[in-house]
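Let me begin by presenting the structure, written as structure tokens, before commenting on it.
Here the structure is a predicted model, which is why all the values come from computation and not from measurement.
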Amino acid sequence: MSTTPTVVLSGVHSGPNPSPGLGLARSLRLAWPRLRLEALDYSPRSTGLSASEFDRVHVRPGWHAADLDALCAGLVSIVESASAVFLPGLDLEAALLADRSPGHAALLLPPSAAFDAVAKPGETAAALLGLAIPEYRFAEGVEDGADFAVRHGWRVWVKGPRYQAIATGSRAELAAAIARLRETWGGESLLQRHVDGTEESVVFAALDGELLGACAMRKTMVTAEGKTWAGSVDLLDPPTRARLVDLVRVTRWTGGGEVEIVREAETGVPYLLEVNPRFPAWIHGATLAGVNLPARLVAAATGIPRQERERAQSSAFVRVVEEIPAGPHATGAVPLAHRALPAPPGKHPSGMPVLSRRLAPPRPRQRTADLDHQRAADIADALVVDPYESPARVYFGGVLDRGLDRLAGVCRDVEDATGVPTRFAYSVKTNPDPRVLGAVLRRGALVEVISQAEARRCAEAGFPGDRVVLGGPAKWWRFDGGPAKFGAVFCDSVSDLERTLALIAGGGVYADVLGLRLAPPGVPSRFGIDVTCPRAYRRVADALRGAPVARLGLQFHHAASQIGLRAWLREFAAAVTVAADLLTRVDVRARCVDLGGGWPPGLGRAELGGQLVRATRTAVRELGPIDQVLFEPGKYLVEPAMAVFTTVLDVRDGPHGRAAVVDASIAELPDWGSHPHPVLWRAPGAPWRRLRPGDESVLGRLCMEHDRPRAGLALPDGIAEGDHLLFLDAGAYDASMSFRFGV
């Protein structure tokens, strides 16, 4: 190696989401002011190409049509002809070189096995580093990940196979994030639960499995994308350094690297977010703090002595925006783009999305899947007429019966674990179909209603008053004055409580249990009594003193499917704790606790039962012994018990691929936006097949832009007019909210 080598650096774009090339150049300039530095990138829009730190720039061909072997060979030729070493700033470029030019001494990058060890979610790396990994799921489409996301209150990160992470908070955001990352990067996405905590990073340099140095960084300012804008640098503690030595040794690491960590605020547990196989964009911040890792790496790889010693200018760093003269390659105008349009071309000027899509494994053309035996049997039992009327709602009685069996088992599990009698009350508003009410009645279960009309419907179906739980904000709307009997009445506000007490005192209403619906203390909600409010606290206390009530109940109802099971339990515990203080002050005991509904339909018996057991134990701890626990499954029970049968009217090509037009619409599937409907397809006389995720759509019959009951599907090659589609999981609000329109 020459005594004064050249260093070639790639990934030199500098923007809100920068690459590390320019920071590497600045760090190397501090160590060797006269070192020759050459910049390499794949677009003239990479802004760092204009920086004065570089003696020469190389603008390589883009990744769209270039031969990848030739492109790698050309890069190696540039490095060899300059007697240089190469420091990559682009993950995919480094991975490609590790595969196509393995073991080249001038390429300061990890070997292919190291890339495998740190591939998302990084289980091998996490084990070596002694870090936990947030719960995760791989997903090609929203239907692959919705049940995972709903367990975590939709607060998950959707990560591309190689770059980019998008935070989500709803089903719509999840679907959009998966589609966006699939379009940008190709391949499937990684879903990980969000961890509330502080972000930390460890940056390091290594050569042939030997650690050359490392330091830690804590973010103090971030951009809107979560990228580091300012940070505080510190030394590594000995245990962390020892584990990092293990990672570097086992993987035979060469080059720079970054370990991204989030330390959970509630538990203090450090979780691995990812390991980047290159120096981070903030690397010059570490140099300013006295840890010049790029210089250590180049010195170790080339043997040249350092001309400037490492010197700490500060223990922290911050980025600024600076204008510099543009080079001749930085030409062309960027059109003004509304924020809703795709990002301008300068966001990823190095072409990594193109390379990622080229490296993604090809998708099979025929993307359908076999049905499991039980699903196929349910459909065969329901679709006894062929051809079936179309469009039509299909009822799966066997699915409903198995759901009722599961709920009965949950009740037994909770009672066995806590000793508290447990029952469920089916939420009628979810789907008041007589077949559903009849099945619930035969099982001896309760029903939960929110209006007098629903109460009358249940009475007509055969439910006695003591098996009806009445709640909601408008429960006395069109009440005829009674007398009326209910198993329980839960009051949604202080004024509702006062009115209900007056009805009970006047003999118009009799209830085995009179209860308060508690508002969640930490989650915005229009429902319930906020007993943390002093005025509401006093009014409830005054109303309950001497109230003519045999048994008092407490109800907590906020959908766990929206906020997640952990957050639900936290909110429940907080609400019950305050309510317990109130009841102690008025010398009244709670005899019944209603845990409400909103349970994710995908929960199994053990998972739902475990959540109810934890809640029941919390209630007993705060309130003392209770006589009964209730919960109110609606969507949980009936969503999988119905489907919508449709016929394909047309298959058309469009700018975003093919779309099938069907004779159903958002009139039959009005709740399509809240959850992904699995879709089955069959040609006449053929078996049903499940459609897999993709980039195509099913359009409804209505002349409305948003009548798109299903997007993100791969339509089979042979789909044609007259084929049938079956939209599953349409038995909840898709049934009760359906309407006549366009018929």
Heavy-atom check, side chain of Leu288 versus side chain of Ser314, under 4.5 Å: no
Hey, does Leu359 have a side-chain heavy atom less than 4.5 Å from the side chain of Arg162? yes
Under a plain distance cut-off of 3.5 Å, with no hydrogens placed, do His284 and Ser27 share a side-chain donor-acceptor pair? yes
If you count the non-hydrogen atoms of other residues, nucleotides and ligands that lie under 6.0 Å from CD in Glu183, is the total more than 12? no
Return the minimal non-hydrogen interatomic distance between Pro18 and Gly15, and the atom names on each side. CD-O, 3.2 Å
Any Ser201 side-chain heavy atom under 4.5 Å of Val259 side chain: no
Derivation of the side chain to side chain contact (heavy atoms under 4.5 Å, CB included) call for Arg357 and Trp63: CA-CA 10 Å; Arg357 291 193 297 271; Trp63 301 98; over 6 Å; no
So which atom in Ser350 and which in Ser46 form the shortest heavy-atom distance, rounded to 0.1 Å? OG-OG, 3.7 Å
In sequence, state the C-alpha distance, the side-chain angles, and the governing distance for Trp185 and Gln164, and then conclude on side-chain hydrogen bond (donor to acceptor under 3.5 Å, both in side chains). CA-CA 9 Å; Trp185 303 106; Gln164 198 171 1; 2.8 Å; yes
State which residues pass ring-ring contact (aromatic ring centres under 6.0 Å, His included) with Phe572; sequence neighbours excluded, sorted by chain then number. Phe556, Trp568
Could Arg241 and Asp237 be called an ion pair, given the rule that one side-chain N must be under 4.0 Å from one carboxylate O? no
Going by ring-ring contact (aromatic ring centres under 6.0 Å, His included), name the residues that satisfy it together with Tyr136, two or more places apart in sequence or in a different chain. Phe138
Taking it one step at a time, do Arg566 and Glu264 satisfy salt bridge (Lys or Arg N to Asp or Glu O under 4.0 Å)? CA-CA 14 Å; Arg566 294 174 64 183; Glu264 191 168 39; 3.5 Å; yes
Pair Glu38 + Arg36: basic N to acidic O under 4.0 Å: yes
Does a donor on one side chain sit under 3.5 Å from an acceptor on the other, for Gln192 and Lys159? yes
Enter the distance from Leu273:CG to Glu260:CD here, rounded to the nearest 0.5 Å. 6.5 Å
What is the minimum heavy-atom distance between Gly23 and Ile283, and which atoms define it? C-CG2, 3.9 Å
Residues Ser112 and Asp99: side-chain donor-acceptor under 3.5 angstrom: no
Charged N-O contact under 4.0 Å between Glu210 and Arg249: no
Identify, with sequence neighbours excluded, every residue that meets salt bridge (Lys or Arg N to Asp or Glu O under 4.0 Å) alongside Glu53. Arg26
Non-hydrogen side-chain atoms of Leu40 and Leu9 separated by less than 4.5 Å: no
Asp144/Arg137 under side chain to side chain contact (heavy atoms under 4.5 Å, CB included): CA gap, chis, key distance, verdict: CA-CA 8 Å; Asp144 296 335; Arg137 166 85 61 84; 5.6 Å; no
Report yes or no: is the cationic atom of Arg193 (NZ for Lys, CZ for Arg) under 6.0 Å from the centre of the six-membered ring of Tyr271, at an angle within 45° of the ring normal? yes
Give the C-alpha distance, both sets of side-chain angles, the deciding distance and a yes or no for side chain to side chain contact (heavy atoms under 4.5 Å, CB included) between Ser83 and Thr6. CA-CA 6 Å; Ser83 299; Thr6 297; over 6 Å; no
Answer yes or no: is there a side-chain heavy-atom contact under 4.5 Å between Ser315 and Val233? no
For Ala312 and Ala289, the nearest pair of non-hydrogen atoms, with its separation, is CB-O, 3.4 Å
Could you check Phe86 against Val7 for side chain to side chain contact (heavy atoms under 4.5 Å, CB included), going step by step and ending with a plain yes or no? CA-CA 6 Å; Phe86 174 66; Val7 180; over 6 Å; no
Between Glu200 and Arg218, does any NZ, NE, NH1 or NH2 come within less than 4.0 Å of an OD or OE carboxylate oxygen? no
If every non-hydrogen atom of Leu49 is compared with every non-hydrogen atom of Val59, which pair is closest and at what distance? CD1-CG2, 3.9 Å
Which heavy atom in Arg252 sits nearest to a heavy atom in Pro111, and how many Å separate them? O-CD, 3.4 Å
